[in-house]
**Q** 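So that we are looking at the same thing, I have put the structure below in structure tokens.
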Number of protein chains: 2
Amino acid sequence: MSSRKRESTGFLLKQRAFLKLYLITNIENGRWYGLQLLDEMRKEFQPFGFEPQHSEIYRALHDLLEDGILTRGKIKKGDSKYQEVAVYSIKDKEKAKTYKKMVKADLDRSSQILRKALEDNYS
Amino acid sequence: MSSRKRESTGFLLKQRAFLKLYLITNIENGRWYGLQLLDEMRKEFQPFGFEPQHSEIYRALHDLLEDGILTRGKIKKGDSKYQEVAVYSIKDKEKAKTYKKMVKADLDRSSQILRKALEDNYS
DNA sequence: CGATGAACACCATGTTCATTA
DNA sequence: TAATGAACATGGTGTTCATCG
């Protein structure tokens, strides 16, 4: 029951968790589909030199589906072209909240590690 | 000459660079050998749940040798046992300084990304 | 061609094995 | 057994390919 297995050495937060966090927050505030979310992320983080890939966004979305946090529907886009896109919405608010709380802990921890490094090496 | 190739998508600082930074700083302040440096890092970061592996420390040290930043000598340990250890010292102070400056930029950038995430997702 | 997704490839790093003092 | 190092294995993520509307 308690056979602990190290899952990593615990350095910084992984990109996947970071993206999942943002996806949840964005989807909480409206309906979005994959490439839209990608563009949003890229726009936000371009100033910081971070440019996520489309496949990683999709993987994060699929993760969130498996986690039971999001649900997906297909709708036709309202533009001149009539193409189906996959739109997401929150399925389980509690799970979403729990996940965000988990990631926050890791964000805080990671921030502390970086801050310590700045203190220890540039004094 | 200017055929730029993306080396990564630019998420957070890599562990390797992080370790190399600490190794330089520690070695600037005295002579150390590998496992000693490992123990030191583990002690420092245990509170943050980060526990680097020995092989990664060695890889970082070898990198710094290749970079021409460190130099290595073999000496006998002063203890009851007479075993040779590999001790390191700074070979090129300028290069060391330059490297540390590079990593600082990445540390700052990474910190900003994390801070932004905290602001954007927990307001 | 835009959107989604899967397959494939690579690199950073973790785990295990070998050597020597 | 401590210390170093190399070999091997895996995970996370980037790149490419396939499909469908």
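In what follows, every chain begins at residue 1, and chains take the letters A, B, ... in the order their sequences are listed. The basis for the numbers below is simple: all heavy atoms, side chains too, and nothing from hydrogens, waters or symmetry mates.
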**Q** Grab the CZ-C1' distance between F50(B) and dT13(C) for me, whole Å please.
**A**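 From F50(B) CZ to dT13(C) C1': 11 Å.
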**Q** Is there a side-chain contact between Q15(B) and the phosphate of dG14(C), meaning an N or O under 4.0 Å from OP1 or OP2?
**A**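 Affirmative; the distance criterion is met.
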**Q** Can you name the nearest heavy-atom pair linking F11(B) to L13(A), along with the distance?
**A**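 Answer, listing the atom of F11(B) first, then L13(A): CE2-O, 3.7 Å.
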**Q** Distance check needed: dT4(D) P versus L65(B) CG, whole Å only.
**A**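 Between P of dT4(D) and CG of L65(B): 12 Å.
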**Q** Would you kindly give the NZ-to-P distance between K14(B) and dT13(C), to the nearest whole Å?
**A**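 The distance from NZ of K14(B) to P of dT13(C) comes to 7 Å, rounded to the nearest Å.
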**Q** Any sub-3.5 Å donor-acceptor pair from Y88(B)'s side-chain atoms to L65(B)'s backbone N or O?
**A**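 A pair under 3.5 Å: no.
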**Q** Round to the nearest Å and state the distance from R42(A) atom CZ to dG14(D) atom P.
**A**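 Spelled out: CZ on R42(A) to P on dG14(D) is 10 Å.
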**Q** Grab the N/O contacts between the protein and nucleotides 5-9 of chain D below 3.5 Å, and write none if there aren't any.
**A**
from   : atom 1 : to     : atom 2 : distance (Å)
dG5(D) : OP1    : R72(B) : NH1    : 2.4
dG5(D) : O6     : H54(B) : NE2    : 2.8

**Q** Expressed in angstrom and rounded to an integer, what is the separation of R16(A) atom CZ from dA12(C) atom P?
**A**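 These atoms are roughly 18 Å apart.
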**Q** Working to the nearest 0.5 angstrom, can you tell me the gap between L37(A) CG and I57(A) CD1?
**A**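 Nearest 0.5 Å value for the CG-CD1 distance: 6.5 Å.
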**Q** State plainly whether the residues K43(A) and D39(A) are in salt-bridge range, i.e. N to O under 4.0 Å.
**A**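 So K43(A) does not pair with D39(A) through a salt bridge.
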**Q** Between L13(B) and V87(A), which residue's closest nucleotide on DNA chain C lies nearer the 5′ terminus?
**A**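 It is V87(A), whose closest nucleotide lies nearer the 5' terminus.
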**Q** Take atom CD of E56(A) and atom P of dG11(D), then tell me their distance rounded to the nearest Å.
**A**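 Roughly 15 Å, once rounded to whole Å.
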**Q** So does Q53(B) get a side-chain nitrogen or oxygen closer than 4.0 Å to the phosphate oxygens (OP1/OP2) of dT16(C)?
**A**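 Looking at the OP1 and OP2 atoms of dT16(C), neither is under 4.0 Å from any side-chain N or O of Q53(B).
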**Q** Regarding K116(B) and the six-membered ring of F45(A), is the cationic atom NZ or CZ under 6.0 Å from the ring centre and inside 45° of its axis?
**A**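 Flagged: K116(B) positioned over aromatic ring of F45(A).
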**Q** Any side-chain to backbone donor/acceptor pair from W32(B) onto N26(B)? Under 3.5 Å, distance only.
**A**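 Flag set: sc W32(B) to bb N26(B) pair under 3.5 Å.
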**Q** Check whether any side-chain nitrogen or oxygen of Y33(A) sits under 4.0 Å from OP1 or OP2 of dA3(C), and answer yes or no.
**A**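 For Y33(A), the contact criterion (side-chain N or O under 4.0 Å from OP1 or OP2 of dA3(C)) is met.
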**Q** Considering the terminal five base pairs at each end of the helix from dC1(C)-dG21(D) to dA21(C)-dT1(D), what angle separates the two local helix axes, rounded to 10°?
**A**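 Here the local axes at opposite ends form an angle of 20°.
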**Q** Could you tell me whether K20(A) and E56(A) make a salt bridge, using a distance below 4.0 angstrom between a side-chain N and a carboxylate O?
**A**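 Salt bridge: no.
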**Q** Do Y99(A) and D67(A) pair up side chain to side chain, a donor and an acceptor below 3.5 Å, judged on atom types alone?
**A**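 The criterion, which ignores hydrogens and geometry beyond distance, is not satisfied for D67(A) and Y99(A).
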**Q** Salt bridge between R59(A) and D63(A), side-chain N to carboxylate O under 4.0 Å?
**A**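 No, this pair does not count.
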**Q** Find the distance D39(B):CG to dT1(D):P and express it as a whole number of Å.
**A**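 In whole Å, dT1(D) P lies 17 Å from D39(B) CG.
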**Q** Atom CD of E51(A) and atom P of dT13(D): how far apart are they, to the nearest Å?
**A**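 The answer, rounded to whole Å, is 16 Å.
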